Amino acid sequence: MSSAKKLFIKTYGCQMNVYDSERMAEAMGAEGYVTTDRPEDADMVLLNTCHIREKASEKLYSDLGRLRPLKNARPDLKIGVAGCVAQAEGAEIIRRMPLVDLVVGPQSYHRLPDMVKSKGAVVDTDFPAEDKFDHLPKRKALRGPTAFLTVQEGCDKFCAFCVVPYTRGAEVSRPPERLIAEARDLVERGVKDITLLGQNVNAYHGGDWTLARLVRELARVDGLERIRYTTSHPNDMEDDLIAAHGDEAKLMPYLHLPVQSGSDRILKAMNRKHTAEQYLRLIERFRTARPDILLTSDFIVAFPGETDEDHRATMDLIREVHYGAAYSFKYSARPGTPAAEKPELAPEIGDARLQELQALITTQQRATQEAMVGREVGVLYEKAGRLENQMVGKSDHLHAVHVEDAAGQVGELVRVRITASSTNSLSGVRLG
Ligand code: 5AD
Ligand code: SF4
């Protein structure tokens, strides 16, 4: 029987939160906590939250409501709220939900072990002078051969709809030598595929290093086979990063480049500081450097003031780019953002536009997958498939691929011929 304390973490929202949850689990691991996937067994429940849209935020409160019986039965159960709702609402969370013991923001979670030991409710939403990464224990590879690596946090862009500049603060880049060391360490633990994370990842500036330089140096790390980065902003794109897609074999042919809207009028109202044409020209340059690059984006429909014509411009842009996939959202007014001051469109308008846009994206996603059939791609095995003699992994273009392979091992990077496409994945056979 182990006497280790158990920690249950639920992660909402983006990949940065997935990364932060892993680091929080490691910080608590150093205090003797092991993770569990059952909240009923946990000594501590941590909800790592997202504030980006109202729905995501409200989810926290319904989940907290559901934890009430557990807390009533076991008053010593610690309940913590982390992430962007913690940052935005702070002590208000405890006022609204007194069962919460601690509230910790995204920049201060290295203090979590101390907070857990303190008696009574604690709130820490500082942007501390010390760097949390200096205080966190070394990484463990928790997710097989792929890993996230946060290189940059925060955003200075202030898109009119977005809470991120307020919840995650100003743009800060981590020192490059630390990142190279962290990457080497991950590779020693079996990681072959690293996704560099940042709210504005291509705004990365570590001393005089840009993201392109970081990518090029990481490409020299033996054993690291694949590099990706997300999320980028069109206005921070440097020439050398585009070039790297053409000449750095380890940089994968995949780019998530949100545009949000295809209407110049709406882009202006959103404070995006670029036009649809500038975005399209940028995409063209990526395709020149790497013709098979798979593009994805984010879209917001029904931004305040969006007309049918604006929406048509977005649909036209999508047709022109032809995406491999995209995330699309109905505009959600967020407290404290400039757009929240403006009158909202009727919800049915947003619902109809979202449906139309998603139908188009689905068609493009299917076509992109169909076009892979017959092609040879790299696949990194992440786990055994549900069928016998089957492995599952991600292709260079980030498609999930089921591969017939009796001898396959997790962590192997193999060549695969794609033979079929289904709704959300591809199938293929191993070559050689
Ligand atoms: N309403 C709807 N979608 C939003 N996003 C950010 N803020 C909002 C909002 N207020 C979307 C954007 C962004 C993605 C992460 O979430 O498309 O790129
Ligand atoms: Fe939000 Fe815009 Fe910054 Fe992206 S670039 S995090 S959408 S403010």
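In listed order, ligands and their atoms are each counted from 1. All values derive from a computational prediction rather than experimental measurement.
- Any N or O atom pair closer than 3.5 Å counts here, and Gln260 shares at least one such pair with ligand 1.
- The side-chain contact (heavy atoms from CB on, under 4.5 Å) search around Asp240 returns Ala212, Arg216, Glu238, Ala243, not counting sequence neighbours.
- Of the protein's non-hydrogen atoms, Arg53 NH1, 3.4 Å is the one closest to atom 3 (N) of ligand 1.
- At a 4.0 Å heavy-atom cut-off, ligand 1 touches Phe161 through backbone and side chain alike.
- No salt bridge links Glu188 with Arg184; every basic N to acidic carboxylate O contact stays at or beyond 4.0 Å.
- Applying the 6.0 Å contact sphere to CD of Glu376 captures more than 12 heavy atoms from other residues, nucleotides or ligands.
- Closest to atom 6 (C) of ligand 1 among all protein heavy atoms lies Ile52 CG1, 3.3 Å.
- For atom 10 (N) of ligand 1, the nearest non-hydrogen atom of the protein is Ser332 O, 2.7 Å.
- A tilted orientation is assigned to the rings of His135 and His110, their planes being inclined by 30° to 60°.
- Lys157 and Asp236 are joined by a salt bridge, as a carboxylate oxygen and a charged side-chain nitrogen come within less than 4.0 angstrom of each other.
- For the pair Arg353 and Asp310, the salt-bridge criterion is not met [side-chain N within less than 4.0 Å of a carboxylate O].
- Looking from atom 15 (C) of ligand 1 to the surrounding protein, the closest heavy atom is Asp298 OD2, 3.7 Å.
- Of all heavy-atom pairs between Thr167 and Phe127, the closest is O-CZ, 3.8 Å.
- Protein atoms that are N, O or S and lie under 2.8 Å from atom 2 (Fe) of ligand 2 are these: Cys159 SG.
- The aromatic rings of His233 and His274 sit perpendicular to each other, their planes meeting at more than 60°, with 30° as the lower class boundary.
- Polar contact with ligand 1: absent for Cys162 (N/O pair, distance under 3.5 Å).
- Here is the list of ligand 1 atoms found below 4.0 Å of a heavy atom in Arg334: 10 (N).
- By the 4.0 Å N-to-carboxylate-O rule, Arg111 lies close enough to Asp124 to be salt-bridged with it.
- Residue Tyr61 qualifies as enclosed at atom OH: its count of foreign heavy atoms under 6.0 Å is above 12.
- The atoms of ligand 1 that sit less than 4.0 Å from any heavy atom of Lys330 are 2 (C).
- Atom 4 (Fe) of ligand 2 is never approached by the protein to below 4.0 angstrom, counting heavy atoms only.
- With a 6.0 Å radius and a threshold of 12 heavy atoms from other residues, nucleotides or ligands, Glu320 has its CD atom at or below the threshold.
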